[in-house]
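Every chain is numbered from 1 and lettered A, B, ... according to where its sequence line falls, protein lines coming before strand lines.
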Number of protein chains: 2
Amino acid sequence: MSRRSGILEFAVLGLLRESPMHGYELRKRLNTSLGVFRAFSYGTLYPCLKALVANGWLIEETDSAPEGASAAALTGRRAKIVYRLTAAGKEHFEELLAHSGPDAWEDEHFGVRFAFFGQTSRDVRMRVLEGRRSRLEERLEKMRTSLARSRERLDDYTLELQRHGMESVEREVRWLNELIESERAGRDQRAPGPAAQHKNQSGDTGGLPRHRGGSRPDPSDDTTT
Amino acid sequence: MSRRSGILEFAVLGLLRESPMHGYELRKRLNTSLGVFRAFSYGTLYPCLKALVANGWLIEETDSAPEGASAAALTGRRAKIVYRLTAAGKEHFEELLAHSGPDAWEDEHFGVRFAFFGQTSRDVRMRVLEGRRSRLEERLEKMRTSLARSRERLDDYTLELQRHGMESVEREVRWLNELIESERAGRDQRAPGPAAQHKNQSGDTGGLPRHRGGSRPDPSDDTTT
DNA sequence: TGCTGATGTATCGATTCGATACATCCAGAC
DNA sequence: GTCTGGATGTATCGAATCGATACATCAGCA
């Protein structure tokens with residue numbers, strides 16, 4: 001259960017909180033709804049689901065008898081497992097939501113955390129946003145240093161690569177600034193309550209930092225895996 | 001030797017073409033000079049180096065006797081292996097450079113390919129740039145579709161995540177457009193020759209697409225691994 | 001003197017990927 | 001009518017990769 005699967009677990013719990021789902025659908029959601037960030041494979045998802053069930057956070061229901069009442073057991077229907085969040089699972093997810101430790105703003109986690117900001121308390125949101133920002137600023141600093149050190153021996157294309165990379169990070173920081181700003185502005189004004197549906201009021205709230213970048217393996221790509 | 005190691009091989013060969021290096025330095029370069037894209041671990045790099053040596057594309061030289069002439073073998077000095085490109089290796093790299101197949105514009109490859117554009121022929125550059133662009137446009141299309149399908153049931157933060165993701169990709173496309181533009185403009189005007197040092201002439205050439213996004217595991221992060 | 005941190009090579013277990021097998025169902029072509 | 005392709009759906013396996021760590025040398029510096 002390394003860095004990665006931690007966030008998978010979080011995402012699965014979060015998605016199932018909304019409604020029970022099949023593994024298949026879960027994977028699709030993971031790779032589209034949750035922002036362009038990461039394509040988890042079945043080889044990762046199914047073991048994760050099993051682990052969550054073993055922990056008592058999920059239960060699996062075989063959705064038998066889709067039509068006729070008796071047809072169910074008769075035909076020896078295919079498995080079709082629907083995963084549902086248990087009370088314990090919900091509680092566990094709530095705990096995870098409340099964490100705002102450093103890894104919440106690492107690349108692998110931030111996008112998913114952000115996707116569930118709707119059910120995250122305002123102060124945790126703030127901490128994560130600010131943590132993310134300082135993380136990126138550190139990164140920028142390092143990029144600047146290393147660029148300064150090596151500028152001379154680099155050719156144009158490499159330089160352009162560097163420049164563009166930095167610009168992207170800078171853009172992301174600006175974004176975070178807007179988001180933080182708008183969180184500050186909205187203070188005590190809007191309840192942090194779960195799943196607020198305030199539908200993009202006036203301007204727009206700001207923006208979210210592109211998680212793993214605007215380019216990833218193409219989550220919506222239905223390469224079976 | 002899956003998708004990934006293919007590009008590692010390419011990058012290693014390319015870096016060693018410039019000058020021989022230790023594995024350690026190689027890794028550093030991989031994670032900084034080559035743009036913010038990917039942190040390869042030693043567990044991947046060293047096996048890769050061995051494979052390249054086995055193929056005859058590299059030779060390893062133990063850089064003995066750093067100071068005194070005889071001190072070398074005496075103390076049983078530490079290994080310190082310098083990798084150097086062989087003629088065969090150089091030839092192989094040249095071949096790789098000439099390829100412009102679909103995977104050249106996949107996320108994992110594009111950044112590295114771009115970093116070596118200095119020694120890539122103009123038409124290959126064009127093909128890769130255009131391939132990349134259409135790849136991203138496909139992606140955008142899918143994102144739009146999936147967003148349209150699910151817009152209603154998504155909360156603000158999720159929506160914002162989507163929006164930002166798309167915007168990043170759009171930005172990247174614009175970038176590619178500028179790059180393609182400027183490649184077209186410079187046609188027959190500047191020799192495609194290796195490592196052109198035309199130092200960012202007037203405006204700027206355009207930009208390169210952020211490879212794995214403006215945010216990656218932090219290549220310059222000296223977490224030993 | 002001894003400490004710390006950069007340089008440097010190397011490996012190992014755990015995780016994750018990518019491909020694939022297999023099965024069901026439906027819609028549209030023929 | 002039935003056949004075929006594609007979406008849905010569960011599941012596993014070998015290979016690739018990661019992340020951590022061990023180990024060793026050397027420079028600076030307190």
Legend entry - Residues forming a salt bridge (Lys or Arg N to Asp or Glu O under 4.0 Å) with B/E167, sequence neighbours excluded: A/R171, B/R163
Legend entry - Residue pair B/M21 / B/V82, side-chain heavy-atom distance below 4.5 Å: no
Inset, instruction - Compare the minimum distances between each of D/dT17, C/dT7, C/dC17 and the side chain of A/F40, then state the nucleotide with the smallest one. - result: C/dC17
Inset, instruction - Starting at atom OH of A/Y42, determine the distance to atom P of D/dC13, rounded to an integer number of angstrom. - result: 18 Å
Inset, instruction - Kindly check if the number of other-residue, nucleotide or ligand heavy atoms within 6.0 Å of CD (A/E18) is above 12? - result: yes
Legend entry - Euclidean distance, atom OH of residue B/Y46 to atom P of D/dT17 [Å, nearest integer]: 17 Å
Legend entry - For atom CD1 of B/I7 and atom P of D/dT17, their distance in whole Å: 12 Å
Inset, instruction - For A/T44 and for B/M21, find the nucleotide of DNA chain C with the closest heavy atom, then tell me which residue's nucleotide is more 5'. - result: B/M21
Inset, instruction - Kindly point out which of C/dA10, D/dA11, C/dG8 is positioned nearest to the side chain of B/K80? - result: C/dG8
Inset, instruction - Find the distance B/N31:CG to D/dG19:P and express it as a whole number of Å. - result: 11 Å
Legend entry - Counterpart residues, side-chain contact (heavy atoms from CB on, under 4.5 Å), relative to A/R127 (two or more places apart): A/S100, A/D123, A/V124
Inset, instruction - Rounded off to whole Å, could you give me the CD-to-P distance for the A/E60 and D/dA11 pair? - result: 7 Å
Inset, instruction - Could you tell me the separation between the CD atom of B/E9 and the C1' atom of D/dT17, rounded to a whole number of Å? - result: 16 Å
Legend entry - Per B/K50 side chain, nearest of listed nucleotides D/dC18, C/dT11, D/dG9: C/dT11
Legend entry - Protein-nucleotide distance (B/Y24, atom OH; C/dT9, atom C1'), rounded to Å: 11 Å
Legend entry - Length of the line joining B/E108:CD and C/dG18:P, which is rounded to integer Å: 7 Å
